[in-house]
Amino acid sequence: MLAKVHSGAVLGVDGLSVMVEVDLALGLPMFTTVGLPDGSVRESRERVKAAIKNCGYDFPPKRITVNLAPADIKKGGAGFDLPIALGILAAGELFDPTKLLNYAIIGELSLDGAVRPVPGVLPITLNAKEQGLKGILVPDDNKLEAAVVQGIEVIAVTSLHQAVGFLAGKIHCDPVSPEQDDLLFVNAVYDVDFQEVKGQEHVKRAFEIAASGGHNVSLKGPPGSGKTMLARRLPTILPGMSFDEALETTKIYSIAGRVTTDTPLIAIRPFRAPHHTISDAGLIGGGQIPRPGEVSLAHNGVLFLDELPEFKKHVLEVLRQPLEDGDVTIARANMSLVFPSCFVLVVAANPCPCGYYGDKKRECKCTPQQIQRYGSKVSGPLLDRIDLHLEVGAVPFQEMNEERMGESSAAIKKRVDVTREIQTMRYAENAKIHCNGQMGPSEIVKYCKLDPPSMRLLERSVEKLGLSARGYHRILKIARTIADMDCKQDLELSHVAEAVQYRRNG
Ligand SMILES: Nc1ncnc2c1ncn2[C@@H]1O[C@H](COP(=O)(O)OP(=O)(O)OP(=O)(O)O)[C@@H](O)[C@H]1O
Ligand SMILES: [Mg+2]
Ligand SMILES: [Zn+2]
């Protein structure tokens, strides 16, 4: 007897249909799994056998062959346990195998027959819907993540026993159905706010520019000046996430097994701050069956690299592709996968190893060579992708003690939303560009025309500061965003004058 069960796996960020075929034949009792299973799938045999027996069903004393089709893609994880067990029971005529045809099924089994959560449920559910299936059976702990997808029935099961009962028509299970709007609304709350930052008005202004135009930021300043505090608050003033953006980001978290039951839809912009000891695989992703790295976990949000000079050079090198393209390619022997990784980059560094070079109150103990070596650790190409270079000084004691709260994130975000709207219209025809920070040379020529006084100011600045062509372009991009914030079509002298302040020194 043969039973077929729809299931799924993930390939990159997308769900992949997998058909689990179970054949029971007469012969010496055996249990073989074919179709490029990896170690974790092969182990499933033991779990499936124990779960079936411990739920009180008979384990068929037959020759069991399980095939996972398509057979040419390597499959990992424990998510096939439940479809395999149900396939065996249906093939053994415990219930009608045709009942399996309407549902995709995914879940890990524990030895006592309980169904445990698995990663990747969101993309697998999206794929099941695209395949036109009526519904999907998922582990109870993954139910909200699956239910984010509308237009497919999500049945949550806690045990093999319950899954059998449902498919045999003996147990009734209501589909899970939260409202998309509720998810988007309930989850879009940050636990930090710009109003907690005292003083630092010029830095806050620069952060508003960064959020408005999607520009990368570099922060330099002594320990305790608030660099980390400021960076953490950047996501709170970025424009709100659309449902599609939230879905894209949640897919990545789903694959990484990081979606929690209280936030099934990630509707706040992620903030990722990997430690400087991270490996390049940790940063861009990797592994036998590739998993997303920090740059993808930061997709649609902020990637913060604190203490930038401490990162290994080759680790920073791998940031180039995501910064240029908004995605990363991970090549494997038989395939290459693309993970989205579009983020605003914020980097922070002290001015020197001791941290106090240039500080008015404290003395720097570093030698000129040490300071020079520290500064040169970070590669030029990375800094070239950063438009806003900010010096963050310590806040004077008096300002720190002021009762008055700063402007709230919500108020800043309101203005950011307006500025983004202008850019959305400007780049409506351009599929690759959504904000000023992404402009290339041809867009800069088109959208950053200068009047004669602005041109003269920029010429003088370039000469005086010895700026490169790239430095010149950076200033124009920032000036474009400042003009947009000012709701002006043309760049004016004041916009350019402010933009020059955020240039990179040297
Ligand atoms: N402008 C500010 N308003 C309110 N609190 C501040 C401000 N700046 C710093 N602080 C306080 O000082 C603490 C340290 O700041 P933070 O960790 O952001 O500094 P840092 O510049 O990242 O330092 P380091 O170089 O050591 O990483 C914050 O947690 C916060 O409590
Ligand atoms: Mg810090
Ligand atoms: Zn120093």
Side-chain angles (χ1 to χ4, degrees), residues 190-211 216-238 269-278 283 294 298 301-312 315-316 343-378 382-383 386 388-413 502 505-506:
Y190 295 87
D191 54 4
V192 291
D193 198 291
F194 256 103
Q195 69 184 6
E196 294 142 7
V197 182
K198 311 253 176 182
Q200 302 288 25
E201 293 308 327
H202 79 287
V203 189
K204 284 191 216 164
R205 163 80 184 167
F207 268 70
E208 185 175 338
I209 297 172
N216 298 325
V217 184
S218 143
L219 305 170
K220 197 183 261 188
S225 56
K227 301 183 293 296
T228 304
M229 186 184 192
L230 285 154
R232 267 193 188 287
R233 283 155 182 77
L234 180 56
T236 67
I237 59 168
L238 285 171
R269 297 197 176 268
F271 177 85
R272 302 296 304 177
H275 191 254
H276 58 72
T277 52
I278 193 169
L283 194 59
E294 288 292 336
V302 173
L303 179 70
F304 178 50
L305 303 182
D306 206 354
E307 305 185 48
L308 188 68
E310 304 294 334
F311 281 79
K312 287 181 220 77
V315 171
L316 294 181
F343 51 81
V344 177
L345 176 71
V346 181
V347 302
N350 292 332
C352 66
C354 85
Y356 293 103
Y357 178 68
D359 195 274
K360 291 189 190 85
K361 300 221 178 75
R362 296 236 224 152
E363 196 188 335
C364 165
K365 297 191 176 72
C366 313
T367 65
Q369 289 87 339
Q370 277 175 320
I371 296 171
Q372 209 269 335
R373 205 176 324 129
Y374 187 76
S376 66
K377 270 190 183 166
V378 179
L382 177 65
L383 290 177
I386 298 175
L388 288 157
H389 294 261
L390 312 175
E391 306 272 339
V392 185
V395 176
F397 181 73
Q398 260 171 347
E399 270 181 54
M400 280 296 274
N401 267 347
E402 260 184 35
E403 294 273 316
R404 193 171 54 90
M405 286 282 219
E407 197 178 17
S408 72
S409 290
I412 303 171
K413 180 175 167 296
Y502 305 120
N505 289 328

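Both ligands and their constituent atoms are indexed starting at 1 by order of listing. We count residues from 1, following the sequence as given.
- Every atom of ligand 1 is numbered from 1 in the order shown, and the set under 4.0 Å from a heavy atom of P222 is 21 (O).
- Within 4.0 Å of atom 2 (C) of ligand 1, at least one protein heavy atom is present.
- Considering backbone and side-chain atoms alike, G221 places every N or O at 3.5 Å or more from each N or O of ligand 1.
- For the pair K204 (side chain) and V197 (backbone), a donor-acceptor distance under 3.5 Å is present.
- Below 4.0 Å from some heavy atom of N350 lie the following atoms of ligand 1, by number and element: 25 (O).
- Of the inter-residue distances, the one linking L383 atom CG with S218 atom OG reads 6.5 Å to the nearest 0.5 angstrom.
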>> Walk me through whether K220 and E391 qualify under salt bridge (Lys or Arg N to Asp or Glu O under 4.0 Å).
In response: CA-CA 5 Å; K220 197 183 261 188; E391 306 272 339; 5.3 Å; no
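- Other residues, nucleotides and ligands contribute over 12 non-hydrogen atoms within 6.0 Å of the NZ atom of K312.
- A 6.0 Å sphere centred on OH of Y357 holds no more than 12 heavy atoms belonging to other residues, nucleotides or ligands.
- Atoms CG and CG, from L308 and D306 in turn, are 9.5 Å apart once rounded to the nearest 0.5 Å.
- Atom CD1 of I412 sits about 11.0 Å away from atom CZ of R205, to the nearest 0.5 Å.
- Between the SG atom of C364 and the SG atom of C352, the angle taken at the Zn ion (ligand 3) works out to 110° after rounding to 10°.
- Counting atoms of ligand 1 from 1 in the listed order, those under 4.0 Å from a heavy atom of E196 are 3 (N), 4 (C).
- There is a protein heavy atom closer than 4.0 angstrom to atom 19 (O) of ligand 1.
- Between V197 and ligand 1, no N or O atom pair is found at a separation short of 3.5 Å.
- Distances below 4.0 Å separate heavy atoms of M229 from the following atoms of ligand 1: 4 (C), 5 (N), 6 (C), 7 (C), 10 (N), 18 (O), 30 (C).
- Residue K198 has at least one N or O atom closer than 3.5 Å to an N or O atom of ligand 1.
- Checking M229 against the Mg ion (ligand 2), every N/O/S atom stays at or beyond the 2.8 Å cut-off.
- Residue contacts with ligand 1: G224 is placed with a nitrogen or oxygen under 3.5 Å of a nitrogen or oxygen of the ligand (distance criterion only).
- When only interatomic distances are considered, the shortest N/O to N/O separation between K227 and ligand 1 falls below 3.5 Å.
- Looking at I209, V217, I386 one by one, the single match for side-chain contact (heavy atoms from CB on, under 4.5 Å) with Y502 turns out to be I209.
- Separation of atoms CG (L303) and CG (L234) is listed at 11.5 Å; rounding is to 0.5 Å.
- Remark: minimum distance from atom 22 (O) of ligand 1 to any protein heavy atom is reached at T228 OG1, 2.7 Å.
- Within the listing of ligand 1, atoms 1 (N) sit less than 4.0 angstrom from a heavy atom of Q200.
- Atom 31 (O) of ligand 1 is not flagged as protein-proximal [any protein heavy atom, distance under 4.0 Å].
- Checked options Y190, F304, F271; the residue passing with R232 is F271 (criterion: side-chain contact (heavy atoms from CB on, under 4.5 Å)).
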